[in-house]
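These notes are about the structure you will find just below.
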Amino acid sequence: MKFSKLAQVFEKIEKTSSRLAITHLLSDLFTKLNNVEIEKTAYLLQGRVAPLYETTEFRIAEKMVIKSILFALNLDRSLFIKEYEKKGDLGIAVEHFKNQYPSLEEKDLDITHVYEDLKRLALAEGAKSQEIKVGILAHLIRQLDPLSCRFLVRIPLSMLRLGFSDMTVLDAYSWMMTGDKSLRKKIEDVYHVRPDLGQIGRLLKEKGIITLRHVSPRIFTPVIMMRAERLSSGEEIIEKIGRCSIEPKYDGFRLQAHYLKNKNELRLFSRNLDDVSYMYPDIVEGIKKEVKCEEIIFEGEAVGFDPNTGNFLPFQETVQRKRKYDIEEKIKEIPLKFFSFELLYLDGESYINVPFHQRREKLEKAVDGKKDVYKDTVLIASNTVTDDAKKIELLFDEMVTKGLEGIVAKKLDGVYQAGARGWNWIKFKRSYSSKIEDTIDCLVMGYDYGRGKRAKFGIGAFLAGVYDEKEDKYVTVAKIGTGLTDEEWKDLKKKCDRFISSSKPALYEVDKAMAPDIWVKPFLVTEIKADEITRSPVHTAGRLMKSSKNGKGQEVEKAGLALRFPRLVRFRDDKRPEDTTTLKELEEMYKAATHHK
Ligand code: ATP
């Protein structure tokens, strides 16, 4: 297929505000592609040339993209900048000039051709890399038609946000295969173990229907991490899962380690599947030295350690290790210890469907339980197996006294539920003074201009939403105007302004009364603390939508769920939009809180 045809689909997607229409546009597109094209197109749709978890970045600044445009079209800089400032969008500006000055070099290039060029651009390294990148981009700009150029220049700047989620793509794959969404669950199970949209598209074209039986974890492809359900007493835990393994809930950050000994290669992935190996050379070295196996995928929590006192550090200190610069200096100040707690793959065998107690046994052997916390880096999460609710409460109190967040209970015969928040893990966290015990991760959906003191920042509140997994939509729960320092407001605005959307993104369900001054595409997750979950007619979380009808065929609407006194705890750059708290969880928290009243 030609790239110009793909650009037309991009344009249609950009114009539609219906999620279903986007799904159909995508499935029509996928149907027309062959097995090679579908793989590359799946990456291009994400504005990339590789799966999300690969660190293939374009490493080209806006300044250099502008240089490519000027060079390609032989334009005067000030003329172009004037137009760019007027339009506020680099893609639209280049399209405008391409329309004005059609070039003789224009060719209808294939998607594969454009993809390969963009990949070369991303991979160019060394002293002359910037010149090479500018050259490749300029050549493409000269060759492609105006509409294609609009989308092309957004890709290397990571500005191609078409406003749908990976789940939309999985739905579209199902539509492509069966003409409905009946296959989505099976495809999604595969995606949780191999979150590579390109490869899944290709497998579907080549093999027809694929299921989890066709895939097992693969070294260097991160598995979407399992998450924990919540309960708030030992009794509830025992009632739910019976005899279980109780581990401390360490308060650091989760990492998934992939290690291939014979290549001496190790990668660490964060919750949102970023390759963060370069940030933690101490953990990389520790695993290489201390873990006994040929190849392994395992998970744990990285926690800062104070060698002077022998204490583990609170999250606020550990988090300082999450940095791109001055890494070596910080290692000395805040060395990390890696508490491993899950085994997913070991020496050619998948462990995700193996009962927890067996996974743990193997993990203990590979990591070697007897360790010196001062000398070693890789430790194993301590655990106690019990069926005594009181014992669980005691362990919980002990952890909280030690300054930890609480405990995680693990079902002894539970499997590793990739990508799911399942009952095989249950977290029991320190109860704060408010009625809702946990914080809520919300997506930033838009913001309002500030009034009064904040007017100077141009931002005074932001609209926050949770993820309705069933509908693949974001629904609102709060407008948040407190809990941020001046610096955080400025930072938030800067972050948001990169992803402004001129109209409401298709995946957002927002009441008119809550429409923000500026819409922001799905990208930024924040952790929110609130006093209570209440009902509110202006929020759309859990509000029955137009499609639901009462017995008489009339539309029914009830008040949605909303957060009372919401405030920002922190930005969660380690989470993807789909990782925000789900509507289902919020509904459960609401039920639990009203139950406890
Ligand atoms: P929270 O903000 O409560 O950590 P979350 O949404 O980040 O929640 P959850 O899956 O709900 O993540 O809680 C589990 C998290 O707890 C894991 O992601 C992991 O980082 C952390 N954790 C700490 N200790 C353990 C442990 N022993 N077993 C599993 N997870 C643990």
Side-chain angles (χ1 to χ4, degrees), residues 192 222-232 237 241 244-257 268-273 276 298-304 312 314-316 318-319 322 336-344 356 359-360 363-364 367 379-385 392 395-396 399-400 402-411 414 416-432 436-443 466-467 525-530 568-582 584-586 588-589:
H192 286 154
V223 173
I224 300 203
M225 298 185 202
M226 178 176 173
R227 286 158 299 152
E229 273 290 353
R230 355 174 135 69
L231 284 176
S232 41
I237 291 174
I241 56 170
C244 54
S245 168
I246 304 293
E247 298 177 6
K249 188 172 192 304
Y250 300 101
D251 199 8
F253 36 85
R254 175 133 165 220
L255 293 173
Q256 190 178 89
L268 298 172
F269 294 100
S270 66
R271 276 286 298 270
N272 58 357
L273 312 188
V276 289
F298 71 118
E299 281 180 9
E301 191 88 351
V303 187
F312 289 95
F315 179 79
Q316 286 72 7
T318 298
V319 78
K322 243 188 217 176
L336 292 174
K337 299 290 161 184
F338 188 58
F339 285 99
S340 24
F341 51 66
E342 269 298 347
L343 176 70
L344 282 71
F356 173 75
R359 294 205 296 280
R360 167 94 199 188
L363 180 68
E364 281 175 15
V367 167
L379 311 170
I380 188 126
S382 61
N383 81 326
T384 309
V385 175
I392 297 183
L395 283 166
F396 173 78
M399 296 311 158
V400 172
K402 278 191 188 159
L404 296 181
E405 270 199 305
I407 54 169
V408 184
K410 299 190 172 171
K411 191 172 170 199
Y416 182 93
Q417 298 163 292
R421 191 180 289 278
W423 286 105
N424 290 350
W425 283 13
I426 301 172
K427 58 179 168 180
F428 171 10
K429 282 178 43 169
R430 191 173 39 206
S431 166
Y432 304 92
I436 340 170
E437 287 156 20
D438 210 346
T439 51
I440 294 153
D441 293 325
C442 292
L443 181 75
V466 295
Y467 185 46
V525 180
T526 51
E527 188 174 333
I528 305 297
K529 183 83 190 95
L568 179 91
V569 178
R570 55 180 132 144
F571 294 120
R572 290 294 303 248
D573 296 319
D574 62 330
K575 291 200 171 186
R576 302 179 307 158
E578 296 99 308
D579 294 333
T580 51
T581 301
T582 62
K584 193 163 152 252
E585 287 174 65
L586 193 74
E588 275 157 14
M589 288 162 93

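Reckoned from all heavy atoms, side chains included, excluding hydrogens, waters and symmetry mates. Every number for a ligand or one of its atoms is a count from 1 in the order of the listing.
Each of the following atoms of ligand 1 lies closer than 4.0 Å to a heavy atom of F341: 25 (C), 26 (C), 27 (N), 28 (N), 29 (C), 30 (N), 31 (C). Close contacts of ligand 1 with R227, meaning ligand atoms under 4.0 Å from a residue heavy atom, involve 10 (O). Against a heavy-atom cut-off of under 4.0 Å, W425 is close to the following atoms of ligand 1: 29 (C), 30 (N). Of all atoms in ligand 1, numbered sequentially from 1 with element shown, those under 4.0 Å from a heavy atom of K427 are 1 (P), 3 (O), 8 (O), 9 (P), 11 (O), 13 (O). Atoms of ligand 1 found under 4.0 Å from any heavy atom of E247, numbered from 1 in the order shown, are 26 (C), 27 (N), 28 (N). Taking every non-hydrogen atom of K410 and a distance limit under 4.0 Å, the qualifying atoms of ligand 1 come out as 26 (C), 28 (N), 29 (C).
Put simply, the residue from E301, E299, E342 that forms a salt bridge (Lys or Arg N to Asp or Glu O under 4.0 Å) with R254 is E299.
Looking at N272, its side chain does come within 3.5 Å of a backbone N or O of D573 through a donor-acceptor pair. Proximity of a side-chain donor or acceptor of R227 to a complementary backbone N or O of G419 within less than 3.5 Å is detected.
No heavy atom of M225 sits closer than 4.0 Å to any atom of ligand 1. Residue contacts with ligand 1 leave out E299, since none of its heavy atoms falls under 4.0 Å from the ligand. Heavy atoms of K429 approach ligand 1 to within less than 4.0 angstrom.
Taking distance alone, with nitrogen or oxygen atoms compared against 3.5 Å, E527 stays at or beyond that limit from ligand 1. In terms of polar-atom proximity, T439 is not counted as a contact of ligand 1, lacking any N or O under 3.5 Å from an N or O of the ligand. In terms of polar-atom proximity, K575 is counted as a contact of ligand 1, with an N or O under 3.5 Å from an N or O of the ligand.
When non-hydrogen atoms are compared, ligand 1 lies under 4.0 Å from neither the backbone nor the side chain of R230. When heavy-atom distances to ligand 1 are checked against a 4.0 Å cut-off, K249 comes that close through both its backbone and its side chain.
Other residues, nucleotides and ligands contribute more than 12 heavy atoms inside 6.0 Å of the NZ atom of K322.
The distance from atom CD1 of I426 to atom CD1 of I407, rounded to the nearest 0.5 Å, is 9.5 Å.
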